[in-house]
Amino acid sequence: MTAPKEATIIGSASVYLSDFNTLSVTVDRAWPNSEVYLIDPEFVCMGTLSGCDMAIADVAPTGDATKFFVQSEYTLIVKVSKAYALVAGLNGS
């Protein structure tokens, strides 16, 4: 096996091979360029806040149109806090 070399990524990457394991990468333009969040999907799950997954309710009609809204309240449940990390202070340029 060859020694690891420093790499520069121009554009985007979907997989990062590190000394620890192969990591899947998801780019989200809403997060700052100076931060990277490391999340192990085996230790998170989705949960509902309102006790039911989804509720559908009718609202007042306008003309012949039937209107309704879908309400749901979800949260991310962290099972093991040490399974996550934040890398901050990165230079975005």
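For clarity, every value in this text was computed on a predicted model and none was experimentally measured. Values below: every heavy atom of this structure, side chains too, minus hydrogens, waters and symmetry copies.
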Non-neighbouring partners of Ala83 that pass side-chain contact (heavy atoms from CB on, under 4.5 Å), sequence neighbours left out: Asp40, Phe43, Val80
Sequence neighbours excluded, the answer for side-chain hydrogen bond (donor to acceptor under 3.5 Å, both in side chains) partners of Glu35 is Tyr37
How about Val70 and Met54: do any of their side-chain heavy atoms sit closer than 4.5 Å? yes
Results of side-chain contact (heavy atoms from CB on, under 4.5 Å) for Ser72 - residues two or more places apart only: Tyr74
Partners of Thr75 by side-chain contact (heavy atoms from CB on, under 4.5 Å), sequence neighbours excluded? Leu49, Ile77
Residues at least two apart in sequence or cross-chain that pass side-chain hydrogen bond (donor to acceptor under 3.5 Å, both in side chains) with Lys67, listed by chain then number, are Thr62
What residues, two or more places apart in sequence or in another chain, satisfy side-chain contact (heavy atoms from CB on, under 4.5 Å) together with Val44? Ile39, Leu76, Tyr84
Distance col, row Ile56:CD1 vs Gln71:CD, nearest 0.5 angstrom, shows 11.5 Å
Other cluster members, Phe69 - Ile/Leu/Val/Met/Phe/Trp/Tyr, side-chain contacts below 4.5 Å: Val59
For residues Leu38 and Val87, determine if any side-chain heavy atom of one lies less than 4.5 Å from a side-chain heavy atom of the other. yes
